[in-house]
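Reading through the structure tokens given below for one structure.
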Amino acid sequence: MRRLLFLLAGAVVIGAGCAGGDDKESAADGLHEFLVAVSEGDQSAATERASGRAKLRAVRERVPRGVEIPPADDYAVLRDGPVTVVATELDTEFGAYAAPVMSEEDKWKVAFASDALRIVEGPPPPRGSVGPDERVGFAVYSSDPDVTAALWIDGEKHQLAGAGGPEFTRYWATPELAPGTHTAVALARARGEEAAVGWTFTAGLPG
């Protein structure tokens with residue numbers, strides 16, 4: 001785990017954000033407890049940490065049972081307007097997990113969007129490499145004409161370009177990236193819902 005990356009990302013966001021370290025700890029703890037429950041196969045505990053109906057089958061594809069869950073101190077807390085997103089790296093084929101969280105009943109809970117809002121990461125795909133066009137992006141599936149989106153790479157928010165049709169929009173940035181592994185977190189907001197994904201990719205590495 002690149003613990004330093006997430007600690008620095010979290011520090012930058014919190015320093016520029018709305019609240020202090022206690023808020024970061026609470027939001028990170030919410031996702032941490034949810035991921036631990038999923039990893040341990042504790043459906044009841046996972047559901048308790050979810051706001052609304054938890055899509056546990058989809059989560060298990062990204063968080064396999066038994067995968068090691070990092071401590072909450074290794075999580076990044078990112079904000080886009082009123083939305084809080086928490087992300088952490090995981091030793092999986094996606095390399096990371098991210099989700100919107102919200103404060104509910106004095107607990108931070110993971111928020112799940114309906115099937116009407118969906119994000120697909122890439123290019124580059126999880127564990128893939130940045131292509132010659134140097135784009136890092138994602139696709140949002142929604143019928144809402146007023147979709148808004150955000151992208152953080154290693155905790156830094158990037159300006160996005162976008163193109164698409166009435167049901168699908170592709171967003172991307174062309175950041176200058178140092179050679180190595182990077183973590184991306186994408187957020188989409190539509191019709192009062194939020195969805196987020198996290199993944200890792202490489203830049204400037206041979207092969």
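Since we're looking at a predicted model, the values are computed, not measured. We use all heavy atoms of the structure for the numbers below, so side chains are in, but hydrogens, waters and symmetry mates are not. Counting from 1, the numbers follow the sequence of the chain as shown.
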### Query
Given the rule that I, L, V, M, F, W and Y join up when any side-chain heavy atoms are under 4.5 Å apart, are Val36 and Trp108 in one cluster?
yes
### Task
Work out which heavy atom in Thr84 is nearest to a heavy atom in Ala27; give both atom names and the distance.
CG2-CB, 4.4 Å
### Message
With heavy-atom distances below 4.5 Å as the criterion, would you say the side chains of Val197 and Val185 are in contact?
### Response
no
#### Entry: Cluster overlap Ile119 with Tyr141, hydrophobic side-chain contacts below 4.5 Å
no
### Query
Are Val63 and Tyr97 close enough, and set up right, to give a side chain to side chain contact (heavy atoms under 4.5 Å, CB included), and what steps lead you there?
CA-CA 8 Å; Val63 187; Tyr97 186 86; 3.8 Å; yes
### Task
Please report the shortest heavy-atom distance between Pro175 and Ile153, naming the atom on each side.
CG-CD1, 3.5 Å
### Task
Measure the OG-CG distance between Ser26 and Leu31 for me, rounded to the nearest 0.5 Å.
13.0 Å
### Message
Can you tell me how far apart CG (Leu160) and OG1 (Thr148) are? Round to the nearest 0.5 Å.
### Response
10.5 Å
### Query
How about Val136 and Val130: do any of their side-chain heavy atoms sit closer than 4.5 Å?
yes
### Task
Check Pro124 against Gly128 and note the closest heavy-atom contact, atom names and distance.
CB-C, 4.0 Å
### Query
Taking all non-hydrogen atoms of both residues, which atom of His32 and which atom of Ala72 are closest, and how far apart?
CD2-N, 3.9 Å
### Query
Under 4.5 Å between any side-chain heavy atoms of Pro125 and Phe201, yes or no?
no
#### Entry: Sequence-distant partners of Glu33, side chain to side chain contact (heavy atoms under 4.5 Å, CB included), two or more places apart
Arg49
### Message
Starting from Val83, can I reach Leu78 by hopping between I/L/V/M/F/W/Y residues whose side chains sit under 4.5 Å apart?
### Response
yes
### Query
What pairs meet the ring pair (Phe, Tyr, Trp, His ring centres under 6.0 Å) rule with one or both residues in residues 117-139, with sequence neighbours excluded?
Phe138-Tyr171
### Task
Take Leu117 and Val140, measure what side chain to side chain contact (heavy atoms under 4.5 Å, CB included) needs, and give me the verdict at the end.
CA-CA 7 Å; Leu117 176 62; Val140 177; 3.9 Å; yes
### Query
Do the side chains of Pro100 and Val110 get nearer than 4.5 Å, heavy atoms only?
no
### Message
Could you go through Thr202 and Thr181, starting from their C-alpha distance and side-chain angles, then the distance that decides it, and tell me whether this counts as side chain to side chain contact (heavy atoms under 4.5 Å, CB included)?
### Response
CA-CA 4 Å; Thr202 60; Thr181 301; 3.8 Å; yes
### Task
Could you pull out all residues at least two apart from Phe112 that satisfy ring pair (Phe, Tyr, Trp, His ring centres under 6.0 Å)?
Phe34
## Note on the structure
So CD of Glu93 and CD of Glu61: to nearest 0.5 Å the spacing works out to 9.0 Å
### Query
In terms of hydrophobic clustering (I, L, V, M, F, W, Y; side-chain heavy atoms under 4.5 Å; direct or indirect links), are Val101 and Val59 co-clustered?
yes
### Message
Looking at Asp133, I want to see if its CG is surrounded by more than 12 non-hydrogen atoms of other residues, nucleotides or ligands under 6.0 Å.
### Response
yes
### Task
Assess whether side chain to side chain contact (heavy atoms under 4.5 Å, CB included) is satisfied between Glu134 and Glu176, documenting all intermediate values.
CA-CA 8 Å; Glu134 299 183 338; Glu176 294 185 7; over 6 Å; no
## Note on the structure
For Ala28 and Val86 the tightest heavy-atom approach is CA-CG1, 4.0 Å
### Task
Scan side-chain atoms only and decide if Glu89 and Thr183 contain a donor-acceptor pair under the 3.5 Å cut-off.
yes
### Message
Between Arg189 and Asp80 (salt bridge meaning N to carboxylate O under 4.0 Å), is one present in this structure?
### Response
yes
### Minimum heavy-atom distance between Asp144 and Ser142, given as atom pair plus value
N-OG, 3.1 Å
### Any Thr92 side-chain heavy atom under 4.5 Å of Val67 side chain
yes
### Message
Side chains of Thr200 and Arg127, heavy atoms from C-beta outward: is any pair under 4.5 Å?
### Response
yes
### Query
Within the distance-only criterion (no hydrogens, no angle test), does the side chain of Glu193 pair as donor or acceptor with the backbone N or O of Ser114 below 3.5 angstrom?
yes
### Message
Is it true that Ser51 and Glu104 share a donor-acceptor pair across their side chains at a distance under 3.5 Å?
### Response
yes
### Query
Do the side chains of Leu56 and Leu90 join up, straight or via other hydrophobic residues, at under 4.5 Å, putting them in one cluster?
yes
### Query
Could you state the interatomic distance from CZ (Arg170) to CZ (Arg135), rounded to the nearest 0.5 Å?
9.0 Å
### Summary
When rounded to the nearest 0.5 Å, the distance separating CD1 of Ile69 from CG of Leu35 is 5.0 Å
### Task
For the pair Lys109 and Glu48, find out whether any cationic side-chain nitrogen is under 4.0 Å from an anionic carboxylate oxygen.
no
### Task
Indicate yes or no: does Arg62 engage Glu121 in a salt bridge with an N to O separation below 4.0 Å.
yes
